[in-house]
There are 2 protein chains.
Amino acid sequence: MASQALPYRPHNHQACVSQALADARAICRAQNARLTPTRERVLELIWQSHKPLGAYDVLAELTAEGQSAAPPTVYRALDFLQQHGLVHRIASLNAFIGCAHAGENHTGMFLICRSCGNVLELKAPGVSGAIEDAAKAEHFKAEDVTLEIAGLCPRCHSESRHD
Amino acid sequence: MASQALPYRPHNHQACVSQALADARAICRAQNARLTPTRERVLELIWQSHKPLGAYDVLAELTAEGQSAAPPTVYRALDFLQQHGLVHRIASLNAFIGCAHAGENHTGMFLICRSCGNVLELKAPGVSGAIEDAAKAEHFKAEDVTLEIAGLCPRCHSESRHD
DNA sequence: CGGGAAATGTTATAATGTATCAAATTTTCC
DNA sequence: GGAAAATTTGATACATTATAACATTTCCCG
Ligand SMILES: [Zn+2]
Ligand SMILES: [Zn+2]
Ligand SMILES: [Zn+2]
Ligand SMILES: [Zn+2]
């Protein structure tokens, strides 16, 4: 698995996209799932940056490309991608982002920069463990964790200090 | 501070409501904030159970009571209550729930039962600490944490096993 | 009182997400 | 290969959640 680029640092983002698409194809092949052209194109659009994209933003890009698309087109593709662990929905933003750890078993932890909008997905096993322990202490059977941290990324934080 | 009732166990819920309203009045007085009749009524409606309530559910109850209310009425009251730490928004449900630790500095962790719909708010300092550590390790300045765990509460979990 | 701020009323609209059913495509299995 | 079944897509309509904008009222303070 390639090492993770930091979203808020300049990087060869095309490599992120290529890697994500290659991973997605491999995962879908392994799961006997059909990564159809629309689904793949939606995934690629989601990965166009490290900023979460709204469903209607995706829709706008699809229609701009001449595809006949309606809201269900996008939501169905996003549902598929979520179910196969290729994208995550950011509940606090009503938006979607490519999974940075597709294929790895993980509960995503998202660091969302309020200033630049970029999102970093961490695995943070320590956090996951603490959450599981806390749930277990309450005899609660945890099935799905939503963990989203809004704040300032290192870059925006340092910029806001020396202005 | 009164000890917390477990939402999914039978309890004298009127006590929860009374306590929440008394706390709210004290907090608003201390902060020089105006807990107007509509705001107080919305808080009371939110506290009518331990299940999160949608803004439009609140609206329906207000209009049923004869109040002339529109969406902004409710959203403004909810904004006020959130800003003063009296209710939380559950992002994964687009719904609102009374804060079980009003006045205490905390980052809420919500255990949401998929079966009965009840929500328990925990303080879980261990989790908060782990989250802070993980954010700090990435040089990320965390400002707001959304932590929502969907699953099965002890009651629903045990019921689903011996049926 | 009176002037300014805060809160509310009112209407309209934006943004996000689903239900439903028909048509097309792909897979399965003989 | 070809019919039947399952999956995917198209298309329309609608439901739900949230906000913009501006007028009016109420409250606070001097
Ligand atoms: Zn992920
Ligand atoms: Zn940033
Ligand atoms: Zn709380
Ligand atoms: Zn339950």
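For the pair A:F80 CZ and D:dT8 C1', the interatomic distance rounds to 11 Å; values are reported in whole Å. D:dT8 atom C1' lies 13 Å from atom NE2 of A:H84, rounded to whole Å. When the P atom of D:dA15 is taken as reference, atom CG of B:D57 falls 16 Å away, rounded to whole Å. The CG-C1' distance, from B:N94 to D:dA18, rounds to 9 Å in whole Å. In this structure, B:L59 atom CG and D:dT17 atom P are separated by 11 Å, rounded to whole Å. One can place CZ of B:F96 at 9 Å from C1' of D:dA18, the figure rounded to the nearest angstrom. The distance between atom CG of B:L62 and atom C1' of C:dG9, rounded to the nearest whole Å, is 14 Å. In this entry the distance linking OH of A:Y75 with P of D:dT16 reads 15 Å, nearest Å.
The shortest distance between the side-chain N/O atoms of B:T38 and the OP1/OP2 oxygens of C:dA7 is not below 4.0 Å. For C:dT8, the OP1/OP2 oxygens have a side-chain nitrogen or oxygen of B:R39 closer than 4.0 Å.
Mapping B:R34 and B:G54 onto DNA chain D via the closest heavy atom, the residue that lands nearer the 5' end is B:G54. In terms of position on DNA chain C, the residue among B:P37 and B:A70 whose nearest nucleotide sits closer to the 5' end is B:P37. When each of B:A69 and A:A95 is assigned the nucleotide of DNA chain C bearing its nearest heavy atom, the one mapping closer to the 5' terminus is B:A69.
Seen from the ring of B:Y8, B:R155 does not count as a face-on cation partner, given the 6.0 Å and 45° thresholds.
Listed nucleotides: C:dT11, C:dT8, D:dA18. Nearest to the side chain of B:P72: C:dT11. Checking D:dG10, C:dG17, D:dT8 against the side-chain heavy atoms of A:S68 singles out D:dG10 as nearest.
In this structure, B:R76 reaches the bases: a heavy-atom distance under 4.0 Å links it to at least one base atom across the strands shown.
The side chain to side chain donor-acceptor pair (under 3.5 Å) with A:H88 is formed by just one residue from the set A:Q82, A:E121, A:H101; it is A:E121.
Smallest separation of non-hydrogen atoms from B:L86 and B:L43: O-CD1, 4.0 Å. Shown here for A:G98 and A:W47, the closest heavy-atom pair between the two residues is CA-NE1, 3.5 Å.
More than 12 heavy atoms of other residues, nucleotides or ligands lie within 6.0 Å of CG in B:N12, so this atom counts as buried by the packing criterion.
No N or O donor and acceptor, one from the side chain of A:Y56 and one from the base of C:dA14, sit under 3.5 Å apart.
For the 3.5 Å distance criterion, the side chains of B:Q83 and B:D79 fail to qualify, holding no donor opposite an acceptor. Side chain to side chain, A:H157 and B:H139 fail the donor-acceptor criterion of an N or O pair below 3.5 Å.
For the helix from C:dC1-D:dG30 to C:dC30-D:dG1, the end axes, each set by the C1' atoms of five terminal pairs, are bent relative to each other by 40° (nearest 10°).
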